[in-house]
Amino acid sequence: MKTKINHILPVLLLTAASGLTTVSCNDFLDKTPDNRTELNTDQKIAKLLVSAYPDVSPNELFELYSDNSDDSGPTYGYYQLSEMECYNWEDTKEEYQDTPNSLWGGYYGAISAANMALKAIEEKGNPASLNPQRGEALVCRAYCHFMLATIFCNAYDTHASESLGIPYMEDVETTVSPRYERGTLEEVYRKVERDLLEGVELISDDGYSVPKYHFTRKAAYAFAARFYLYYMKPDFSNCDRVIDFATRVLGSNPDDLLRDWEALSNLSVNGNVQADAYIASSNEANLLISSTVSNWGALGSDYLVGPRYFHNQTLATSETCLSAGLWGSSDYLYLKPFSTTGFVASILRKSGLYDGGYLYYMPVLFSTDETLLCRAEAYALKKMYSQSAADITSWQRAYTRNKSALTPDQINAYYDKMNFYTPFTQQTPKKQLAPDFTIEEGMQENILHCILHIRRVTTLHEGMRWPDIKRYGIMIYRRNMATQRVTDEMPPNDLRRAIQIPRNVIVAGMQPNPRRN
């Protein structure tokens, strides 16, 4: 039933939201949408909000689209055909977990749950006693729309008022065939901001039995920091908000709040030991953890069921988790990847294989480590280089054995000397940047190169690289490692950067993302 529901329009996705998974699809769709669940108690509203968190993850899609994956050649297999389609930046025909079709349905299903909770709270007169639930619902709704825009739209820029958005669902639907307009990306971001700012101040951590699976205040602040980083204005005014919200999470001295990468690296490499520790709710660095139905846990773990389109040893040593940096050689990095025979795949143990009928994947959606790097980037864009260098130093001391303090001049000199990347002859982490906003050559550009490098190292396998590629207009390539040939390239203005909305939604009348003939 889950597969069928993911194939229909957002209005018909209330099954996941209301938890009616034992009802047949036909019986469910025969009912008027707003009569399917009666939310007449505060406890029911709080319980429904569990479904306002999406049970899908874009991490497989984003990693396949990004430069964190290569084609190792036909000697190696893949798990699903959609992996080949996504790796080659094709509009997907195959529909499985982790494809655009599944993501569309999963996020809109969660939005439906948030809207049902908000309507129930409104019908009770918006009592102050339900402010925490209202805040959680608003932030969940904002987050899901933000993720849909990140997947199916261009990066936010000065053309956002002309760029296609995604439908912003603010009401519980009472008909089974309403018409939806996509609107503009500018409109989507303004509504995300509205919901986020209203919701974040209402959230209370007191009512959560397991806070790390909900938007606590800190998790919501981390979301706000990332949102405003992506909501980039030409004058960098939103960077002030990034710094503000990140500092609410981290304080002025974040060192004690970051992940203990040394301790993680000392754990057993067998089974799910490191992965379980990475996603542990007891870990202070984890701000929000999710439970999703996804193949990514099988692909991105020691089981490695599909190594052909994946992160490999060449990428690891030249660009990501084994690359040299200001910290020194890879010997200084605490966390070492698992590599398959022949070094085809190189994997950090962030994901275990969890099987409960479906393959489950437990991503960390927000962490103190990533929030720190959001703040470092905002500082660099504001030309507050000493503060940016201090945050980079905090990261280096946590992630590597190098405990020295870094200065802006050291960072500038290191990345200034680094050669720019070419696909086979000069493989480095430094790639040409072509964002919509203006970056000054020299100090500012080089500190940003450093931050993009360490963001890529820190968030490997977690889907964060693809949004960075879009935000900074980074040219990326498809490489066949068996033939040592470039098979495709994606320049900054490539229309494929906005992943196509599902075919079923297009057939139903929604405007598709443009493609070149």
Side-chain angles (χ1 to χ4, degrees), residues 1-2 5-6 10 12-23 28 33-34 36-58 97 102-124 129-148 169 172 195-196 199-200 202-220 222-223 279-282 286-294 297 354 356-366:
M1 186 170 118
K2 177 179 176 60
I5 287 173
N6 278 343
L12 304 181
L13 292 169
L14 292 175
T15 299
S18 56
L20 302 176
T21 54
T22 60
V23 181
F28 179 80
D34 60 353
R36 293 170 191 160
T37 303
E38 291 185 13
L39 300 176
N40 49 17
T41 69
D42 294 359
Q43 186 178 13
K44 285 184 179 180
I45 292 171
K47 187 175 181 180
L48 175 61
L49 283 171
V50 173
S51 297
Y53 294 85
D55 65 349
V56 292
S57 170
Q97 296 166 194
S102 174
L103 298 174
W104 182 275
Y107 283 113
Y108 275 117
I111 290 165
S112 296
N115 283 338
M116 289 175 71
L118 289 167
K119 182 180 180 181
I121 293 168
E122 182 181 356
E123 289 174 345
K124 285 176 170 285
S129 62
L130 285 173
N131 276 349
Q133 288 78 17
R134 176 173 171 78
E136 185 180 10
L138 285 168
V139 173
C140 285
R141 185 169 78 178
Y143 173 72
C144 289
H145 283 105
F146 170 71
M147 291 305 302
L148 285 163
M169 306 289 290
V172 175
D195 282 353
L196 175 58
V200 72
L202 298 175
I203 284 175
S204 171
D205 299 354
D206 296 337
Y208 298 143
S209 58
V210 186
K212 296 296 180 72
Y213 288 91
H214 295 267
F215 269 113
T216 61
R217 276 288 182 95
K218 277 195 171 185
F223 169 33
I279 64 172
S281 61
S282 58
N286 294 333
L287 302 174
L288 181 61
I289 307 162
S290 181
S291 175
T292 68
V293 180
S294 170
Y354 308 104
Y358 292 105
L359 290 176
Y360 279 82
Y361 166 56
M362 306 285 288
V364 176
L365 300 183
F366 294 97

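Computed from a prediction, not measured in an experiment: that's the story for all the values here.
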Is there side-chain contact between L288 and Y143, with at least one heavy-atom pair below 4.5 Å? no
By side chain to side chain contact (heavy atoms under 4.5 Å, CB included), P211 pairs with (sequence neighbours left out) Y208, T216
What distance do S102 atom OG and D55 atom CG have between them, rounded to the nearest 0.5 Å? 7.5 Å
Separation between CD of Q43 and CD of Q133, rounded to the nearest 0.5 Å: 11.0 Å
Looking at CE of M169 and CD1 of I111, how far apart are the two atoms once the value is rounded to the nearest 0.5 Å? 7.5 Å
Going from OH on Y213 to OG on S291, what distance comes out if it is rounded to the nearest 0.5 angstrom? 7.0 Å
What pairs with R141 under side chain to side chain donor-acceptor pair (under 3.5 Å), at least two apart in sequence or on another chain? N115, D195
Non-neighbouring partners of Y360 that pass side chain to side chain donor-acceptor pair (under 3.5 Å), sequence neighbours left out: none
Filter on salt bridge (charged side-chain N to carboxylate O under 4.0 Å, His left out), then keep only pairs touching residues 207-220, sequence neighbours left out; what's left? none
Let me confirm one number: the CG-SG distance from L103 to C144, rounded to the nearest 0.5 Å. 11.5 Å
Close side-chain approach of E122 to R134, heavy-atom, < 4.5 Å: no
Give a yes or no on whether the backbone of L130 and the side-chain of D42 come within a donor-acceptor separation of less than 3.5 Å. no
What is the ring orientation for F223 with F215, classed by angle as parallel under 30°, tilted 30 to 60°, or perpendicular over 60°? tilted
Which pair of non-hydrogen atoms, one from G199 and one from V139, has the smallest distance, and what is that distance? C-CG2, 3.7 Å
Rounded to the nearest 0.5 Å, how far apart are CG of L138 and CD1 of I121? 8.0 Å
Closest heavy-atom pair, G135 versus L202, reported as atoms and distance to 0.1 Å, is CA-CB, 3.7 Å
List the atom of A117, the atom of A137, and the distance in Å for their closest heavy-atom pair. CB-CB, 4.5 Å
Please name all residues satisfying side chain to side chain donor-acceptor pair (under 3.5 Å) with Y361, sequence neighbours left out, ordered by chain then number. N59
Any T292 side-chain heavy atom under 4.5 Å of P363 side chain: yes
With a 4.5 Å limit on heavy-atom distance, are the side chains of C140 and L49 in contact? no
For H214, check side chain to side chain donor-acceptor pair (under 3.5 Å) against everything at least two apart and list the hits. E136
Would you say that P58 contacts M147 through its side chain, given a criterion of any heavy-atom pair below 4.5 Å between the two side chains? yes
Looking only at heavy atoms, the pair that brings I203 and A220 closest together is CD1-CB, 4.0 Å
